Amino acid sequence: METYNFIINEKNGVVSRSFIALDIHDFQAAGKYIAQLPYKRNQNKNDILCVFEEQGGTCSIKHAVLKKLAIENNEDSVQLILGIFKMDSKYASSIKKTLDQYALNYIPEAHNYLKIGDQYYDFTKSRSDYNDFKNNIVSETEIEYFQIGSEKIAIHKEFLQKWLINEKLRYSLEEIWKIREKCIEDLQKPLQEEFVSNFSPVCFQNSPEVREEYKQ
């Protein structure tokens with residue numbers, strides 16, 4: 001499989017100039033740089049340059065900045081995807097107790113990544129791989145780089161509302177969102193062995209900043 005790449009032109013925009021200032025001159029190098037940055041909650045995700053200024057970011061801003069880089073360099077094939085996937089106890093055993101408590105087999109969760117042609121790329125962490133969670137994906141929506149805030153939450157909640165109806169679950173949207181938040185809390189408290197055996201590249205797994213990132 002040929003790896004996607006393009007040369008960055010610093011004259012094309014603020015993100016391009018930011019990468020060139022770091023001596024990064026093509027998309028492959030930009031993706032590698034973004035993936036190795038720490039996973040952290042940003043102070044202002046509306047500022048596309050925050051990932052450079054704060055030296056880190058969540059799955060949302062990391063992939064948004066790469067999408068903006070592609071736009072600046074007239075690369076129309078790069079799509080920013082919001083995927084909804086089944087977060088179950090097989091994915092993360094630390095949420096099993098909460099799922100059992102509320103009689104749920106799984107709860108739909110959101111994640112950002114890129115689609116380029118027919119290939120998927122996850123730059124959340126250096127070891128992130130779309131193939132590790134693709135079989136659990138139930139919905140994918142293309143969004144713009146500036147839609148990673150309230151728009152992302154709105155899409156997620158809309159999916160949850162339809163899911164509740166289709167699955168004939170007794171919970172309201174507000175209730176299922178709170179259950180989801182409890183699952184996110186559970187992800188921060190895995191057993192020590194889970195860090196070794198159940199590492200997942202999806203943006204929030206085992207990340208201490210998760211609770212704040214997903215608190216809405």
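Computation of the quantities below employed the complete heavy-atom set of this structure, encompassing side-chain atoms and omitting hydrogens, waters and symmetry-equivalent molecules. Numbers for residues simply follow the sequence, beginning at 1. What you see is a predicted model, and the numbers here were worked out from it, not measured in a lab.
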Query raised in the report: Is a side-chain N or O of Lys67 found less than 3.5 angstrom from the main chain of Val78, in a donor-acceptor match?
Result: yes
Query raised in the report: Are any of the side-chain heavy atoms of Glu109 and Ile184 separated by less than 4.5 Å?
Result: yes
Report task. Please assess Ile179 against Thr98 for the test side chain to side chain contact (heavy atoms under 4.5 Å, CB included), listing each intermediate value before the final yes or no. Result -> CA-CA 8 Å; Ile179 296 170; Thr98 296; 4.2 Å; yes
Report task. Give me the one residue out of Tyr121, Tyr113, Phe123 that meets ring-ring contact (aromatic ring centres under 6.0 Å, His included) with Tyr130. Result -> Tyr113
**Report entry** Main-chain N/O of Gln28 paired with Asn5 side-chain donor or acceptor, under 3.5 Å
**Finding:** yes
Query - Trp163 and Leu160, any side-chain heavy atoms less than 4.5 Å apart - result: yes
Query raised in the report: From Ile71 CD1 over to Glu144 CD, what is the distance, rounded to the nearest 0.5 angstrom?
Result: 5.5 Å
Query - CD1 on Ile153 to CD on Glu158, rounded to 0.5 Å - result: 14.0 Å
Query raised in the report: Do the side chains of Val14 and Glu72 get nearer than 4.5 Å, heavy atoms only?
Result: yes
Query raised in the report: Is it true that a side-chain atom of Asn42 and a backbone atom of Gly56 form a donor plus acceptor pair closer than 3.5 Å?
Result: yes
Query raised in the report: What distance do Arg180 atom CZ and Ile95 atom CD1 have between them, rounded to the nearest 0.5 Å?
Result: 11.5 Å
Query raised in the report: Is the shortest heavy-atom distance from the side chain of Tyr145 to the side chain of Val15 under 4.5 Å?
Result: no
Query raised in the report: Within the distance-only criterion (no hydrogens, no angle test), does the side chain of Glu75 pair as donor or acceptor with the backbone N or O of Phe6 below 3.5 angstrom?
Result: no
Report task. Step through the shown structure and confirm whether more than 12 heavy atoms of other residues, nucleotides or ligands are within 6.0 Å of CD on Glu174. Result -> no
Report task. Take Leu80 and Leu114 through the test side chain to side chain contact (heavy atoms under 4.5 Å, CB included) and record every step on the way to the result. Result -> CA-CA 5 Å; Leu80 176 59; Leu114 299 182; 4.0 Å; yes
Requested in this report: Determine, step by step, whether Tyr91 and Phe133 satisfy the ring-ring contact (aromatic ring centres under 6.0 Å, His included) criterion, reporting the C-alpha distance in whole Å, the side-chain angles of both residues, the deciding distance to 0.1 Å, and the verdict.
Outcome: CA-CA 8 Å; Tyr91 163 76; Phe133 61 93; 8.5 Å; no
Query raised in the report: What are the two closest heavy atoms between Ile107 and Cys183, and how far apart are they?
Result: CG2-SG, 4.3 Å
Query raised in the report: Under 3.5 Å, is there a donor-acceptor pair between the side chain of Glu151 and the main chain of Ile148?
Result: no
Requested in this report: Determine whether the aromatic ring centres of His111 and Phe85 lie less than 6.0 Å apart.
Outcome: no
Query raised in the report: Just by modelled atom types, is the Pro108 backbone N or O under 3.5 Å from a matching donor or acceptor in the His156 side chain?
Result: yes
Query - Check: Gln161 and Lys157 side chains under 4.5 Å, non-hydrogen atoms - result: no
Report summary line: Distance col, row Leu99:CG vs Lys182:NZ, nearest 0.5 angstrom, shows 10.0 Å
Query raised in the report: Taking side chain as C-beta onward, heavy atoms only, is Tyr106 less than 4.5 Å from Asn136?
Result: no
Report summary line: Note: Ser139 and Phe159 closest approach over all heavy atoms is CB-CE1, 3.6 Å
Report summary line: Closest heavy-atom pair, Ala110 versus Ile84, reported as atoms and distance to 0.1 Å, is CB-CD1, 3.9 Å
Query raised in the report: Have Asn112 and Ser60 got a donor and an acceptor in their side chains that come within less than 3.5 Å?
Result: yes
Query raised in the report: From Asn131 CG over to Tyr120 OH, what is the distance, rounded to the nearest 0.5 angstrom?
Result: 11.0 Å
Report task. Apply side chain to side chain contact (heavy atoms under 4.5 Å, CB included) to Val138 and Lys86, showing your working. Result -> CA-CA 7 Å; Val138 292; Lys86 295 180 180 180; 3.5 Å; yes
Query - Sub-4.5 Å side-chain heavy-atom contact between Ile61 and Ile48 - result: yes
Report task. Grab the two heavy atoms, one from Lys40 and one from Gln55, that are nearest each other, plus how far apart they are. Result -> CD-O, 3.9 Å
Requested in this report: Report yes or no: do Tyr102 and Glu175 form a side-chain donor-acceptor pair below 3.5 Å?
Outcome: no
Query raised in the report: Under 3.5 Å, side chain of Lys62 to main-chain N/O of Thr124, donor-acceptor pair present?
Result: yes
**Report entry** Side-chain touch Ile176/Leu104, heavy atoms, less than 4.5 angstrom
**Finding:** yes
Query raised in the report: His25 and Asp23: which non-hydrogen atoms are nearest, and at how many Å?
Result: NE2-OD1, 2.8 Å
Query raised in the report: At their closest point, which heavy atom of Ile8 faces which heavy atom of Ser16, and how far apart are they?
Result: CG2-CB, 3.6 Å
Query raised in the report: Any donor-acceptor pair under 3.5 Å linking the side chain of Asn73 with the backbone of Leu69?
Result: yes
Report task. Output the distance between atom CG (Asp47) and atom CD (Glu53), rounded to the nearest 0.5 Å. Result -> 5.0 Å
